[in-house]
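FYI, side chains are in, hydrogens and waters are out, and symmetry mates aren't considered; it's all heavy atoms of this structure. The model shown is predicted, which means the values in this text are computed figures rather than measured ones.
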Amino acid sequence: MRNRYLDLLRFLAIVRVVVYHVTGWATLTLIFPAMSVMFALAGSLMAASLDRTGVPAVARRLRRLLPSLWVLAAVFVPAMLLTGLPPTPKVLLWLLPVSDPPANDWGAIALSPIWYLRDYLWFVLASPVALWLFRRAPLPTLLAPYALLAAIEFGVLANPPTVLREFGLYFGAWLLGFAHHDGLLRRTANRVLVPLAVALGTAGLGWIVTHPGPRGYDLNDVPLGNALWSAAFILVAIGRAPATAPWVDRSPALGRAVTVLNRRALTVYLWHMPFVAALTPLVDVVGWSHQDPVGLAIRVVLVFALVGVVTLLVGWVEDLAARRTPELVPGRPRRTVAERAAAAPASPAPAGAETALAAAGARVPAPRRAPERSDLTPR
């Protein structure tokens with residue numbers, strides 16, 4: 001059974017990413033470090049998949065990840081090739097982005113979120129060995145990415161390749177997902193977990209304040225502060241996650257929204273940035289200031305509306321990738337067999353059946369009244 005609290009975290013993370021890309025508000029990255037949370041949740045799911053099926057879980061995870069990317073590439077790669085992207089063999093990286101796939105000038109902006117899939121792919125491929133190491137030496141394995149990132153930030157490793165930097169920045173969150181799946185975070189007493197979270201959060205916030213980036217206190221510009229602050233957030237938000245969260249579904253609108261966005265998370269993530277990039281030039285044309293709350297609110301609504309249209313058109317690819325029945329809008333309540341049987345109209349008895357039964361001395365049941373129209377309406 002799915003943990004609806006974790007579904008809610010993923011829902012909030014996706015919403016935060018979209019709103020941040022529209023508004024550029026750096027404060028949002030501090031309030032909710034969405035990318036690290038998404039990696040932690042993915043790490044927990046990956047550990048569960050490896051426990052169920054072993055190494056074949058890697059192929060299954062890639063099967064769920066790549067089709068949505070291929071749909072995006074089928075639209076944008078030809079457009080980029082027609083507008084200046086050289087047709088080199090590197091274009092094939094759009095099929096399997098083990099490295100940054102090439103893009104032209106406008107494509108580099110519109111398709112910038114691809115880095116998340118690249119990192120996700122790396123982490124999935126590393127997970128069988130990483131989980132084996134984690135279960136034999138949890139603390140050293142968990143500390144390794146943070147030590148790597150510190151070595152990079154303090155200049156011990158000069159000019160590291162992108163793969164090392166990304167493992168240092170986000171693989172710690174992925175491993176915290178392993179710890180969540182194995183129950184290590186849940187079994188850690190509050191007297192240990194809370195002071196640890198406070199210490200990490202204080203260190204991370206201190207580093208962010210003393211090492212601001214070009215956009216100020218934006219976590220995306222301060223890797224070490226990002227990793228430490230995100231670790232503190234994950235320890236509290238996921239480490240103390242409730243086993244169930246029935247209150248999420250007490251509001252039908254919230255429950256449906258959480259379900260839809262979880263089933264379409266990859267589609268929303270991949271497609272939102274092209275619309276953000278397309279709408280940005282309209283700001284000056286229409287006269288909306290980047291600081292105008294009304295203008296920003298309109299842009300957020302427009303981006304979500306446009307992404308919603310695309311999700312209706314191609315979001316079902318995520319269902320096929322997960323081997324689910326394709327749905328335009330997932331999460332529609334389904335009636336049980338008993339409910340469908342109760343709602344079905346009664347079949348009339350054959351002509352002359354009542355006369356024959358009476359002649360045989362059988363008791364004739366009262367005719368069953370067909371349900372009214374309102375009884376047939378799905379609830």
Side-chain angles (χ1 to χ4, degrees), residues 14 17 35 38-39 41-50 52-132 145 160-171 173-175 177 263-274 310-311 313-324 326:
I14 292 292
V17 167
M35 302 314 301
M38 289 169 64
F39 279 123
L41 294 173
S44 181
L45 290 175
M46 188 66 204
S49 296
L50 286 170
R52 284 195 302 269
T53 62
V55 175
V58 171
R60 290 186 176 90
R61 188 60 54 183
L62 296 183
R63 185 198 70 215
R64 298 186 65 166
L65 177 72
L66 294 174
S68 294
L69 171 64
W70 296 339
V71 171
L72 183 81
V75 174
F76 284 97
V77 171
M80 290 190 292
L81 289 172
L82 291 173
T83 55
L85 178 66
T88 66
K90 287 187 176 181
V91 172
L92 295 176
L93 287 171
W94 283 101
L95 298 177
L96 188 67
V98 291
S99 182
D100 291 327
N104 60 2
D105 51 355
W106 63 264
I109 298 173
L111 305 175
S112 56
I114 295 299
W115 71 265
Y116 171 72
L117 272 72
R118 178 203 64 202
D119 286 11
Y120 196 112
L121 177 61
W122 289 344
F123 298 168
V124 166
L125 294 175
S127 285
V129 174
L131 186 60
W132 183 86
T162 301
V163 60
L164 286 183
R165 183 177 292 276
E166 295 300 296
F167 264 86
L169 178 55
Y170 288 118
F171 199 59
W174 190 274
L175 294 176
R263 294 278 187 90
R264 299 292 183 262
L266 192 54
T267 302
V268 173
Y269 180 81
L270 288 173
W271 284 90
H272 80 278
M273 196 60 192
V310 173
T311 301
L313 294 175
V314 301
W316 50 268
V317 172
E318 293 195 59
D319 291 329
L320 292 180
R323 295 183 177 176
R324 297 188 298 257

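Arg61 is linked by a salt bridge (Lys or Arg N to Asp or Glu O under 4.0 Å) to nothing, counting only residues two or more places apart in sequence or in another chain.
Distance check: Leu69 CG to Leu62 CG gives 11.5 Å after rounding to the nearest 0.5 Å. Between the CG atom in Leu266 and the CG atom in Leu66 there is a gap of 9.0 Å [rounded to 0.5 Å]. Taking OH from Tyr116 and OH from Tyr170, the interatomic distance works out to 10.5 Å, rounded to the nearest 0.5 Å. Distance check, rounded to the nearest 0.5 Å: OG of Ser127 to CH2 of Trp132 gives 15.5 Å. Remark: Leu117 CG to Leu121 CG distance equals 8.0 Å, nearest 0.5 Å.
Across all their heavy atoms, Pro128 and Val58 have their closest contact at CG-CG2, 3.6 Å. The two residues Glu318 and Arg324 come nearest to each other via the heavy atoms O-NH2, 3.8 Å. Closest heavy-atom contact between Ala108 and Ala103: N-CB, 3.7 Å. Here the shortest heavy-atom pairing between Pro326 and Leu320 reads CG-CD2, 3.4 Å. Closest heavy-atom contact between Pro274 and Leu111: CG-CD2, 4.3 Å. Across every non-hydrogen atom of Val91 and Pro86, the tightest pair is CG2-O, 3.8 Å.
A distance below 6.0 Å separates the ring centres of Phe123 and Phe167.
Side-chain N or O atoms of Tyr269 include one that pairs as donor or acceptor with a backbone N or O of Pro113 at under 3.5 Å. The backbone N or O of Ala321 sits nowhere less than 3.5 Å from a side-chain atom of Arg64 that would complete a donor-acceptor pair. A donor-acceptor pair under 3.5 Å links the side-chain atoms of Ser112 to the main chain of Ile109, judged by distance alone.
The shortest side-chain heavy-atom distance between Trp94 and Pro102 falls under the 4.5 Å cut-off. In this structure, Val268 and Val17 have side chains that are not in contact, with every pair of non-hydrogen atoms separated by 4.5 Å or more.
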Contacts table for residues 70-85: side-chain donor-acceptor under 3.5 angstrom, sequence neighbours left out:
from: Trp70; atom 1: NE1; to: Leu95; atom 2: O; distance (Å): 2.7
from: Thr83; atom 1: OG1; to: Ala79; atom 2: O; distance (Å): 2.8
from: Thr83; atom 1: OG1; to: Met80; atom 2: O; distance (Å): 3.4
from: Thr83; atom 1: OG1; to: Asn104; atom 2: ND2; distance (Å): 2.8
from: Thr83; atom 1: OG1; to: Trp106; atom 2: NE1; distance (Å): 3.0

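In this pair, Trp174 and Tyr120 present their aromatic rings perpendicular. The plane angle is above 60°, beyond the 30 to 60° band.
Residues in residues 111-124 take part in these salt bridge (charged side-chain N to carboxylate O under 4.0 Å, His left out) pairs, two or more places apart or across chains: Asp100-Arg118, Arg118-Glu166.
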Determine, stepwise, if the pair Trp271 / Val314 fulfils side-chain contact (heavy atoms from CB on, under 4.5 Å). CA-CA 10 Å; Trp271 284 90; Val314 301; 4.1 Å; yes

